[in-house]
Amino acid sequence: MKHDIVLAGVGGQGILTIAYVLVNAADEQGLSVKQCEVHGMSQRGGAVESHIRISTEPIASDLIPRGQADMIISTEPLESLRYLDFLTPDGWIVTSSAPVKNITTYPDEQELVNALQQRPHTLVIPAEQLAKEAGSLKAQNMVMLGAAAPFLNLQPDLLKKHVTTLFVRRGETILQANLQAFQRGYEEGAAHVNAL
Amino acid sequence: MADKRILLGDEAVAQAALDAGIRSALSYPGTPATEIFEYIQRNAPDTVHARWSPNEKVAFEEAIGVSYTGQRAIVSMKHVGLNVAADPFMNAALCEINGGLVLAVADDPGMHSSQNEQDSRFYADFAGIPCLEPATQQECYDMTRAAFEISEAYHIPVMIRLVTRLSHSRSQVKPAPAQKQNALQVKRNPAKWILAPGTSPALQKELLEKNKTLREASQTTQFNRIDDQNADNRIVIVASGVGYNYAREACRLLDVIVPVCKIGCYPFSPQRITAACKKFDTVLVIEDGYPFIERDMCHLLPEGKKIEGKLSGRIPATGELNPGLIARALAHLSGKTWEEPQPPDLPLSLPKRPPSFCQGCSHRDIYTALQEALQQVEAPAVFGDIGCYTLGYLPPFSLIETVVNMGASISMAKGAADAGLKHAVAIIGDSTFLHTGMNSLLAAAASNSPITVIICNNSTTGMTGGQPLHADGEKLKNLVTALGVEPGHVRSLTALPKTVPEMKNIIAEELAYTGTSVCIFSRECIQTMKRKHT
């Protein structure tokens, strides 16, 4: 079993938090993991990506080879399209629908939706709405983690455990909002997987 | 024994240094090396001294001092930081290193966050010191532990060479049992520590002897090995660091078995490598960085052997390697087909999303003021420096014209002004000023060169995540005055949207002055401020 996942988003959206949870849950399940990321200036509102590799076998390369990723998880719709050359032809795009328009050249939103719909396997999640309902707009990353989780051979309880590890020091309100955000995302993802 | 844990390559180096019983950790922040020191600072017991240094040269010299006392030190920096520390680095190789001295240096092939992609293995070779190059996070740990042993056994500094893709990639690491710190024990031996005309020739000879011994020792090192030696193939791969990982991945993608000679320890033994390549027609050399091994192979291997790599053009000579590039090269040589998937046609073009100044960042206000002030003078030139404010070269400001190296803004402006350029402006961050801008300002003030220096004082090293400054506030201002700038031309103001007109006036006044002036515009970095309040 292997999951090669490209995480995409905009600096500041918390994609490394998603990575942390996935990697730690996979490790606890006894799987091999490698996860690489970009630090430095690119975090200043620019496009950010992280490669996550999870496998029952030893992993050689820290980078996913092009055309080999099973999934793109994106916290932003435009960013979900930036790494398509990494995705296998039948790979999944699980993306938030909420745009981050910090550039003047941001494309028309309908065109974005059309481009996403051209792909065979796309799941667009109203992450902003779900995070808001869960009690924290900032928890959109946890909605996306939850939405991707049903596609993966990772135990939801372990994922939740590591969400808790991350947020337990931030107080009960923030912790519960993030767990709830994960749950709301999970329900959306699970409904989609069950309908397949 | 400590449990397995998930660590970045940088963090694995740091954990190994802690477990090796270091007394001190020294560094100046720089991507992708910053996390080595930060991990040590976070996790060190009270018996470990870990404080940022104002620059890499200072850090390296501190580390040599620690070694002199018989105790262990790790000094970490990015590749271009080693240029700053090159003087102590080159000369420490001649000293009789006492406590283990390990330099962890992180190169940045592909220049994700750097001005060039220089390969530090050439520095190790130049200085004549051993270099270990890990491929995995576990090797980051194991090689750092080994580096301290080698350093003490051969009385020589040892380099650990990392690259971005390993520094900033996580995986599981199993630590080994920790060691106790060495006791403080100075071995007074001036003949081995004074580098002067009377003493250096003997030490230079000793260094050559050490190199000979190291080369011989590398015949048996566990860090150089051959996988699948007996595979039935015409091709052999020679690979180092993450290049080795990509070689393995490429073999998997193409479903071929190719012998792989993994190099992790330099200097390597020429006999061992020529023996390894003997029965093969073609040698494919894979290394992230410059063709360091490949160049040696061209001298070592007999004529008629085909050597493929960056020099032959089989692998791109610049940029970061990736598994697809290696698969393509290997496929070509082994008569297989490998098509790199192309990005699919999209019904829209994807705009780039470059990094930009944070909302509320004081640099925005300073650049707005500078932009307005410059509109009033003829043919100004703005010399930039290294930090978040480097973004001032991009729209909407597009103001700075040069970025060369840390501290260069002030000295370049001085050089240009002394050579007749009017309205030379240098813009530099506080941390960069304290790093290597101070000497330049000393020179400018001494000759009262007509330059206007703007110090963006956000009270931190912002771009690398917010490390503390060695001088801030009044201390920074006093420092500028002490360097010789006329007190009347040391101007300071808080940088806010509402002070833009006043900052603009100050800059305009100083542009009109024909001597050295410094404008210190201050407001805390928005990122460090946010962190304090969450």
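All values derive from a computational prediction rather than experimental measurement. By convention in this document, chain letters (A, B, ...) are assigned in the order of the sequence lines, proteins followed by strands, and residues within each chain are numbered from 1.
Salt-bridge annotation for B:Glu249 and A:Arg53: present, with a side-chain N of the basic residue lying under 4.0 Å from a carboxylate O of the acidic one. Checked for salt-bridge contact, B:Arg5 and A:Asp27 miss the test: no charged N lies under 4.0 Å from a carboxylate O. With respect to the salt-bridge test (charged N to carboxylate O, under 4.0 angstrom), the residues B:Arg165 and A:Glu37 do not qualify.
Looking at A:Gln35, both its backbone and its side chain come within 4.5 Å of chain B, counting heavy atoms on both sides. With a threshold of 4.5 angstrom between heavy atoms, A:Leu31 approaches chain B through N, CA, C or O but not through any side-chain atom. In this structure, no portion of B:Leu325 lies under 4.5 Å from any heavy atom of chain A. Within the 4.5 angstrom heavy-atom criterion, only backbone atoms of B:Asp345 (N, CA, C, O) approach chain A. Using a 4.5 Å cut-off between heavy atoms, B:Leu321 touches chain A through its backbone atoms (N, CA, C, O) alone.
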- Audit row: B:Arg252, A:Glu57, salt bridge (charged side-chain N to carboxylate O under 4.0 Å, His left out) steps and yes/no: CA-CA 12 Å; B:Arg252 189 188 63 82; A:Glu57 307 299 315; over 6 Å; no
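Put simply, the side chain of A:Tyr106 reaches to within 4.5 Å of the side chain of B:Arg353, judged on heavy atoms.
With hydrogens and angles disregarded, no donor-acceptor distance shorter than 3.5 Å links the side chain of A:Gln118 to the backbone of B:Leu346.
In this structure, CD1 on A:Ile59 lies 6.5 Å from OG on B:Ser171, to the nearest 0.5 angstrom. Here the OG1-CG distance, from A:Thr105 to B:Leu350, works out to 10.5 Å after rounding to the nearest 0.5 Å. The structure places CD1 of B:Ile326 at 10.0 Å from OG of A:Ser61, a figure rounded to the nearest 0.5 Å.
The greatest number of non-hydrogen atom pairs below 4.5 Å with chain B, out of A:Ile52, A:Leu81, A:Val23, is found for A:Leu81. Of the listed residues (B:Gly324, B:Gly30, B:Ser169), the one with the most heavy-atom contacts under 4.5 Å to chain A is B:Ser169. Of the listed residues B:Gln359, B:Lys352, B:Gln527, the one with more heavy-atom pairs under 4.5 angstrom with chain A than any other is B:Lys352. For the options A:Ile64, A:Thr104, A:Ile174, A:Val100, heavy-atom pairs under 4.5 Å to chain B are most numerous at A:Val100. Top candidate by heavy-atom pairs under 4.5 Å with chain B, chosen from A:Ser50, A:Ala115, A:Pro89, A:Pro65, is A:Pro65. Each of A:Ile103, A:Leu63, A:Leu78 has some count of heavy-atom pairs under 4.5 Å with chain B, and the biggest count is that of A:Leu63. Of the listed residues B:Cys358, B:Pro354, B:Ala247, B:Cys361, the one with more heavy-atom pairs under 4.5 angstrom with chain A than any other is B:Pro354.
Of all the heavy atoms in B:Arg248 and A:Ala60, the pair that sits closest is CB-CB, 3.8 Å.
Annotation for A:Glu28: atom CD counts as buried by contact number, over 12 foreign heavy atoms lying within 6.0 Å. The number of heavy-atom neighbours closer than 6.0 Å to CD1 of B:Ile257, taken from other residues, nucleotides and ligands shown, is 12 or below. The number of heavy atoms from other shown groups lying within 6.0 Å of CG (A:Asp108) is above 12. Summarising the local packing, CG of A:Asn194 is surrounded by more than 12 heavy atoms from other residues, nucleotides or ligands at distances under 6.0 Å.
For the residue pair A:Asp62 / B:Gln137, a side-chain donor-acceptor distance below 3.5 Å is found, with atom types taken as modelled. In the model, B:Gln342 has no side-chain atom that pairs as donor or acceptor with a side-chain atom of A:Asp85 under 3.5 Å.
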